[in-house]
Amino acid sequence: AQTVTQSQPEMSVQEAETVTLSCTYDTSENNYYLFWYKQPPSRQMILVIRQEAYKQQNATENRFSVNFQKAAKSFSLKISDSQLGDTAMYFCALRLQGAQKLVFGQGTRLTINP
Amino acid sequence: GAVVSQHPSRVICKSGTSVKIECRSLDFQATTMFWYRQFPKQSLMLMATSNEGSKATYEQGVEKDKFLINHASLTLSTLTVTSAHPEDSSFYICSAPTPGSHNTEAFFGQGTRLTVV
C-alpha cells in the first residue's frame, strides 16, 4: 500500500519570503507520479505541480519548484517570493503509473502574512 | 483544460431526507470518477470509485447503502446521501482523471458543503 506523509500541519511566513513544504512517501513501485495540490479558502483543489518519478530533473512552475529525492522518497515543494494568494492548504499526493487513484498526505496549512 | 463541475455547492437538508450531488465532466469523458469526503482542516478521504457501466467500488468502512453512487453516463456521476443524519454533514468532492494512456492529472469539482439539520 502507498502512504504519503506531510509532517508540517501548519506553516506561516512573511510575504516575499521563500517557504518549503515537506512530503515523504512510501511505495514499493518504481513508476509513479507525485503531485502538489493547493486548496484555497474556496476549497477548489488546484494542481500546483507534478513530477514523474522516472524524471531526474526537478519540476518547476514559475515560483513553484520541487526537490524530488527518489531514493529518500522525499518530495518537497518550494514556493519562492511568496504571495498573499498562496495562503491555502497544500496536499502532497501520489499516483501509481497505470492506476487512477490518488493517495493524499494530511495537508499543510500555509499562511502568508503581509 | 478539462473541467469537472459539481452541483450543488451548498445544500442544507433535514435529518432523514436524501440528498443527491452531481459531478459532471464538461469537456471529456470520464469512465471513472472518485468521491471524497473532507472533514474540517483534514485531508481528502476517498469514499468510493464510480465506474461507468458497473457498480461503484467502496473503500473500507464506507456504507454503500448510505452513500449511493450511480455513474449514469460517461460524463455524469451522482452521489446520493440517503437518510441523512447530522454526522453526514461534511464537504464532499468529486474528481475525474483525464483520459488517455498518458494521463497524469486529476481534475476536481468545486465541492459540496452538506449540512444536515
Side-chain angles (χ1 to χ4, degrees), chain A residues 1-11 21 23-25 31-55 59 61 66 68 75 87-111, chain B residues 1-10 23 25 28-52 56-60 62 71 77 90-114:
Chain A
Q2 285 62 240
T3 61
V4 177
T5 303
Q6 293 177 250
S7 57
Q8 305 153 311
E10 295 188 21
M11 294 189 73
L21 280 59
C23 173
T24 58
Y25 60 94
N31 298 315
Y32 49 87
Y33 304 95
L34 293 161
F35 306 86
W36 278 98
Y37 280 91
K38 169 184 176 180
Q39 188 180 41
S42 68
R43 305 197 73 172
Q44 172 72 58
M45 294 286 284
I46 302 166
L47 177 66
V48 175
I49 198 166
R50 65 169 167 257
Q51 174 82 42
E52 291 88 346
Y54 64 85
K55 290 186 177 179
E61 287 287 342
V66 299
F68 173 47
F75 183 61
T87 292
M89 280 287 286
Y90 287 82
F91 293 100
C92 179
L94 166 76
R95 185 172 74 78
L96 299 181
Q97 187 175 22
Q100 295 177 320
K101 194 180 292 190
L102 280 168
V103 178
F104 286 95
Q106 304 90 325
T108 296
R109 180 174 299 278
L110 175 65
T111 302
Chain B
V3 177
V4 172
S5 178
Q6 187 173 341
H7 178 81
S9 58
R10 291 175 179 265
C23 182
S25 56
F28 66 101
Q29 294 182 331
T31 57
T32 301
M33 290 186 179
F34 298 98
W35 288 96
Y36 298 88
R37 183 172 180 175
Q38 187 179 29
F39 292 102
K41 298 186 179 181
Q42 292 190 26
S43 188
L44 282 69
M45 181 190 78
L46 181 65
M47 298 174 64
T49 302
S50 175
N51 304 299
E52 191 271 335
T57 306
Y58 289 83
E59 297 298 303
Q60 191 172 8
V62 177
H71 202 131
S77 174
S90 193
F91 192 70
Y92 295 87
I93 308 175
C94 69
S95 81
T98 50
S101 59
H102 297 290
N103 80 81
T104 59
E105 192 166 344
F107 289 93
F108 290 81
Q110 306 93 319
T112 297
R113 181 180 300 281
L114 170 63

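Letters A, B, ... mirror the listed sequences (proteins, then strands); counts begin at 1.
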Please table the atom pairs, donor to acceptor, closer than 3.5 Å between any side-chain atom in residues 34-41 of chain B and protein atoms at least two apart or in another chain.
residue, atom, partner, partner atom, Å
B:W35, NE1, B:S77, OG, 3.0
B:R37, NE, B:S90, OG, 3.3
B:R37, NH2, B:E87, O, 2.6
B:Q38, OE1, A:Q39, NE2, 2.9
B:Q38, OE1, A:R43, NH2, 3.1
B:Q38, NE2, A:Q39, OE1, 2.8
B:Q38, NE2, B:Q42, O, 2.9

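Considering CZ of B:F107 and CG of A:L47, their distance stands at 7.5 Å, rounded to 0.5 Å.
Chosen from A:Q106, A:R109, A:K101, the residue pairing most often with chain B at heavy-atom distances under 4.5 Å is A:K101.
The main-chain N or O of A:G105 is found under 3.5 Å from a side-chain atom of B:S43 such that the two form a donor-acceptor pair. Although no hydrogens or angles enter the test, the distance criterion places no donor-acceptor pair under 3.5 Å between the side chain of A:Q100 and the main chain of B:M33.
Looking at A:L102, both its backbone and its side chain come within 4.5 Å of chain B, counting heavy atoms on both sides.
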